[in-house]
Asks: 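What follows is a single structure, and I will ask about it in a moment.
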Amino acid sequence: MGGLADHSTASPLSKKKKVEHYEGPEFELKCINSIRALSADMPSAANSGHPGAPMGCAPMAHLLWSEVMNYSPSDPEWWNRDRFVLSNGHACALQYSMLHLTGYGLTIDDLKNFRQMGSITPGHPENFMTNGVEVSTGPLGQGISNAVGFAIAERHFAATFNTEDYKVFDHHTYVICGDGCLQEGVSSEASSLAGHLGLGKLIVLYDDNKITIDGSTDLSFSEDVQRRYEAYGWQVLTVYSVERKLDDLRAAIKAAQENETQPTLIKIRTTIGKGSLMEGSAATHGAPLKANDLSQAKLSWGLPDEAFFVSDDVKSFYAEHTKTVESKCTAWKEVYAAYRASHPDKAAELERRFSRKIPEGVHGALPTFNFKTDKALATRQYSQACIASIAPLMPELIGGSADLTPSNLTAIPGSGDFQKNSPEGRYLRFGVREHGMAAICNGLFAYGGLRPFCATFLNFAGYALGSIRVAALSKFGIIYVMTHDSIGLGEDGPTHQPVEMLESLRSMPNINVFRPADANETSMSYKMALEMTHTPSVICCSRSGLPALENSSVEKASKGAYTIIGEDIELANTDLIIIGTGSEVGVCVNAAANLTASGINTRVVSMPCQEIFLAQPKEYQLSVLPGNIPTLSVEASAEYGWHRFSHAQIGMTRFGLSAPGDELFRKFGFSTENVTEKGKALVAFYKESGDVPNLMHRPAFNNILGTIDH
């Protein structure tokens, strides 16, 4: 790898390393080296993984877990624990080592099963697999960005619930990150906002080892990180070595803790693969050490050449310290009991929020549409009404827009902005930072007690897609409000008009994509999104006004798809079914009137959410879409995905154009005239060709061997 091939052929035992004198306590070094050995053993056992970063970062981990952080293995969800995020998730062997040593339930056998099927020590940290892992990291830059969400949440809860006598929320968020995390754009977006907000409880330990997969950072990363973060408004401290002593790092962390007005980046010079004969090189990054190299490293550390060995005195040291941090958790619970007695309403509210119970009256507060009296509006305006109706009843609702509040219509009435001097505010001004916005929301949700939402134009979900994917994987019930959801946005043109984005989102596991057609369907979207705490929801809204729909309802829409026109026509007498979503449903309704008048009995199905429809019993699905009646789908988006439901599609097969929205709808076939014409053509086609292929009559295979319990 990049000029380092000689290491793979020369015998590691023929090399000699310079012996360095450790200036700190001998036992401290023994603990650090034990972490290094344990972290290197895991990739060797798996024949896969990343030993280099854990070996270099072991001094940081030892100090954090043995002196700095407050945590509770017996109560991993303790509200006032310090949050820890391993942003460079490939170094997860380091985190697993610490969780094992501090009693989080990871056994030596779990470490031996590193990266194996069904283990709780997966190849990158997964919050739903392992106690003590706060967020799923691995895609670089995500973790440090999630941590900004943690720091926002801590400050918001402290401002909202702490009293002069009781500090229920008073903790820090600690991050270990690497060069790769700071190269990713998402971390720049989130770090910039963290500096603006003055998040003083956020402390990042930057593993400055000068190595990436390709080789030295000199190849691609020569910027001055210190000056960049100072420009963001961070305090930046430098520790030149943690390999001879930890005093400088102790002092830096203390200085970071004392600065409550700025987040802190501690730039720590380390050696990747410390102890290996290939230390300091990219060769130690992503592959296990050779057996003889790992052996010599252990011997040089004064440890036995034995896999997964931890001496009794090291075990006892961490076990005793765990008792100390557990006592802090116990003391906090005593404080909280007194807080509950003095402030029962606040305590009850906190307990409701952290149990993720929806307050009474929220669903009933969502607006409904009266076809006869209410004015038809854009669904983004209906979304605005939904937020306004639930926000006063659901104070855990917190979020904002990527500098598109007047367009997304997502402001929370009366809540105020979350800013440096107003942390009790619930509206976040994310700025033009879509990816950072979504990653921060992941942190807000993972913190607990909050239901975050964020907003931008649907097309720019592409900027945020990496974080949205992690939310779906992590089972975070975040709400994404994506407006201007089709070519109907008009004159801004194809750079802003989403074509592939709906199908891109729908193809992702564990996410619900809603495209409501009116007020009732929009209220349904919010109702379902709030109920599904383990599944993120994307609510896609139109820019322009939509026609009123007479037969819609929240109840019917809650099944994902329902017959909105022609329910009185028996399926046996139905000649054509048209499926529409969002702004196209009104067009489908008008076309159905024309078709029925011409003798073609037509039903219209509104399908605001494919995922929810597919979760309904088969009997219901067949009552809406039997599959053997000519079916035409109409959506101003890509055709892909609609072949499951329809025999023919009216959709987008190219990028849009810059023109008024109504002209674009006519141009690309989303007009009453074209839908009517194509409906007739589809019926005629199958009359001439014979049998209609039954789209619902096909096998559904389960290709997963055995079960997966998460």
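Heavy-atom basis, side chains included; hydrogens, waters and symmetry copies ignored.
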Asks: Quick one: which of K201, K167, R83 gives a salt bridge (Lys or Arg N to Asp or Glu O under 4.0 Å) with E154?
Replies: K201

Asks: Is it the case that the side chains of N292 and S295 hold a donor-acceptor pair, with the cut-off being a distance below 3.5 Å and no angle test?
Replies: no

Asks: Do the side chains of I203 and V68 get nearer than 4.5 Å, heavy atoms only?
Replies: no

Asks: Which pairs of donor and acceptor atoms, one on a side chain in residues 131-142, lie under 3.5 Å apart (sequence neighbours left out)?
Replies:
{"unit_1": "E134", "atom_1": "OE1", "unit_2": "R81", "atom_2": "NH2", "d": "3.0"}
{"unit_1": "E134", "atom_1": "OE2", "unit_2": "R81", "atom_2": "NE", "d": "2.8"}
{"unit_1": "S136", "atom_1": "OG", "unit_2": "N127", "atom_2": "N", "d": "3.2"}
{"unit_1": "S136", "atom_1": "OG", "unit_2": "N127", "atom_2": "OD1", "d": "2.7"}
{"unit_1": "S136", "atom_1": "OG", "unit_2": "S474", "atom_2": "OG", "d": "3.4"}
{"unit_1": "T137", "atom_1": "OG1", "unit_2": "L86", "atom_2": "O", "d": "2.8"}
{"unit_1": "Q142", "atom_1": "OE1", "unit_2": "S467", "atom_2": "OG", "d": "3.0"}
{"unit_1": "Q142", "atom_1": "NE2", "unit_2": "H435", "atom_2": "NE2", "d": "3.1"}
{"unit_1": "Q142", "atom_1": "NE2", "unit_2": "S467", "atom_2": "OG", "d": "3.2"}

Asks: Could I get the full list of side chain to side chain contact (heavy atoms under 4.5 Å, CB included) partners for E320, not counting sequence neighbours?
Replies: K323

Asks: Looking at residues at least two apart in the chain, or sitting in another chain, which of them share a side chain to side chain contact (heavy atoms under 4.5 Å, CB included) with K30?
Replies: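 With sequence neighbours excluded, K30 shows a side chain to side chain contact (heavy atoms under 4.5 Å, CB included) to F27, S34, S311, D313, V314, given in chain and number order.
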
Asks: Does a side-chain N-to-carboxylate-O contact under 4.0 Å join R227 and D224?
Replies: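 Here R227 pairs with D224 in a salt bridge, since their nearest N and O are under 4.0 Å apart.
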
Asks: Does the side chain of S222 come within less than 4.5 Å of T217's, by heavy atoms?
Replies: no

Asks: Does the Lys NZ or Arg CZ of K267 fall within the cation-pi geometry relative to Y206 - under 6.0 Å from the ring centre and within 45° of the axis?
Replies: no

Asks: Kindly indicate whether the side chain of M55, heavy atoms from C-beta on, has any atom under 4.5 Å from the side chain of I272.
Replies: no

Asks: List the atom of P509, the atom of A472, and the distance in Å for their closest heavy-atom pair.
Replies: O-CB, 3.4 Å

Asks: Is a side-chain N or O of W332 found less than 3.5 angstrom from the main chain of F169, in a donor-acceptor match?
Replies: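 Not at all, since once roles are kept as given, no pair shorter than 3.5 Å links the two residues.
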
Asks: I'd like to know if the side chain of T212 pairs up with that of D179 as donor and acceptor (distance under 3.5 Å, no hydrogens or angles considered).
Replies: no

Asks: For the residue pair T270 and D207, confirm or rule out a side-chain donor-acceptor distance under 3.5 Å.
Replies: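 D207 and T270 do have a side-chain donor-acceptor pair below 3.5 Å.
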
Asks: For the residue pair H285 and H90, does the interplanar ring angle fall in the parallel (under 30°), tilted (30 to 60°) or perpendicular (over 60°) class?
Replies: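 H285 vs H90 ring planes: tilted.
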
Asks: Output all residues satisfying side chain to side chain donor-acceptor pair (under 3.5 Å) with H196, sequence neighbours left out; order by chain, then residue number.
Replies: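 Listed in chain order: Q419.
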
Asks: Could you go step by step and tell me if F84 and I176 meet the side-chain contact (heavy atoms from CB on, under 4.5 Å) rule?
Replies: CA-CA 8 Å; F84 173 76; I176 291 178; 3.8 Å; yes

Asks: Rounded to the nearest 0.5 Å, what separation is found between the NZ atom of K298 and the CG atom of N33?
Replies: 12.0 Å

Asks: Would you name the heavy atoms of M278 and A283 that are closest together and state the gap between them?
Replies: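 Nearest heavy atoms, M278 then A283: SD-CB, 4.0 Å.
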
Asks: Check the surroundings of atom CZ in R469: do more than 12 heavy atoms from other residues, nucleotides or ligands lie under 6.0 Å from it?
Replies: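 Atom CZ in R469 is not packed in, count stays at 12 or less.
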
Asks: With no hydrogens and no angle check, do the side chains of D41 and S39 hold a donor and an acceptor under 3.5 Å apart?
Replies: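 No pair is found: no donor N or O on one side chain lies under 3.5 Å from an acceptor on the other.
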
Asks: Any side-chain to backbone donor/acceptor pair from N88 onto A91? Under 3.5 Å, distance only.
Replies: no

Asks: Do the non-hydrogen side-chain atoms of T264 and L202 ever get within less than 4.5 Å of each other?
Replies: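 A side-chain contact under 4.5 Å is absent here.
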
Asks: Should we count OH of Y232 as having more than 12 external heavy atoms under 6.0 Å?
Replies: yes

Asks: Counting only heavy atoms not in E260 (residues, nucleotides, ligands), do more than 12 fall under 6.0 Å from its CD?
Replies: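 At most 12 heavy atoms, drawn from other residues, nucleotides or ligands, come within 6.0 Å of this atom.
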
Asks: Of all residues at least two apart in sequence or in a different chain, which pass the side chain to side chain contact (heavy atoms under 4.5 Å, CB included) check with K112?
Replies: I108, D109, F308

Asks: One pair to check against side-chain contact (heavy atoms from CB on, under 4.5 Å): Q257 and I253. What are the steps and the verdict?
Replies: CA-CA 6 Å; Q257 291 170 333; I253 291 175; 3.9 Å; yes

Asks: Taking all heavy atoms of W234 and all of A194, pick out the closest pair and write down the distance.
Replies: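 Heavy atoms of W234 and A194 come nearest at CZ2-CB, 3.9 Å.
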
Asks: Go through the side-chain N and O atoms of R269 and S241 and say whether any donor and acceptor fall under 3.5 Å apart.
Replies: no

Asks: Side chains of R433 and S192: do they bring a donor and an acceptor to under 3.5 Å?
Replies: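 A donor-acceptor contact under 3.5 Å links the two side chains.
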
Asks: Can any side-chain N or O of N510 pair as donor or acceptor with the backbone N or O of H534 at less than 3.5 Å?
Replies: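 Such a contact is found between N510 side chain and H534 backbone.
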
Asks: If you measure only the distance, is there a donor-acceptor pair under 3.5 Å linking the side chains of E279 and T271?
Replies: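 The criterion, which ignores hydrogens and geometry beyond distance, is not satisfied for T271 and E279.
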
Asks: Not counting sequence neighbours, which residues clear side chain to side chain donor-acceptor pair (under 3.5 Å) with Y22? List them please.
Replies: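 Checked Y22 against side chain to side chain donor-acceptor pair (under 3.5 Å); matches are E28.
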
Asks: Are H100 and Y318 close enough that some pair of their side-chain heavy atoms sits under 4.5 Å apart?
Replies: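 Sidechains of Y318 and H100: no contact.
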
Asks: Closest heavy-atom contact between T456 and A461?
Replies: CG2-N, 4.2 Å

Asks: Counting C-beta onward and ignoring hydrogens, is there a side-chain heavy-atom pair between Y174 and H172 closer than 4.5 Å?
Replies: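 Heavy-atom side-chain distance check passes, below 4.5 Å.
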
Asks: Please tell me whether T102 and Y71 have a donor and an acceptor in their side chains that are separated by less than 3.5 angstrom.
Replies: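 No, no side-chain donor-acceptor pair sits under 3.5 Å.
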
Asks: Quick check on the 6.0 Å ring-centre criterion: do Y447 and F157 meet it?
Replies: yes

Asks: How far apart are the C-alpha atoms of S504 and L465, what are their side-chain angles, what is the distance that settles it, and do they pass the side-chain contact (heavy atoms from CB on, under 4.5 Å) test?
Replies: CA-CA 9 Å; S504 176; L465 209 55; 3.6 Å; yes

Asks: Can you see whether R228 engages S188 through a side-chain donor-acceptor pair at a distance of less than 3.5 angstrom?
Replies: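 Distance-only check passes for R228 and S188.
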
Asks: Looking at W79 versus F354, is the centre-to-centre ring distance below 6.0 Å?
Replies: yes

Asks: State, to 0.1 Å, how close P125 and Q95 come at their nearest heavy-atom pair, and which atoms those are.
Replies: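 Closest approach of P125 to Q95: CG-OE1, 3.8 Å.
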
Asks: Hey, mind stepping through D82 and T173 against side-chain contact (heavy atoms from CB on, under 4.5 Å) and telling me if it holds?
Replies: CA-CA 6 Å; D82 287 324; T173 296; over 6 Å; no

Asks: Looking at E26, I'd like to know if its CD atom is crowded, meaning that more than 12 non-hydrogen atoms belonging to other residues, nucleotides or ligands lie closer than 6.0 Å.
Replies: no

Asks: Determine whether a donor-acceptor pair (N or O, by modelled atom type, separation under 3.5 Å) exists between the side chain of Q262 and the backbone of G233.
Replies: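 At least one qualifying donor-acceptor pair exists.
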
Asks: Supply the atom-to-atom distance L303 CG to R36 CZ, rounded to the nearest 0.5 angstrom.
Replies: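 Nearest 0.5 Å value for the CG-CZ distance: 10.5 Å.
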
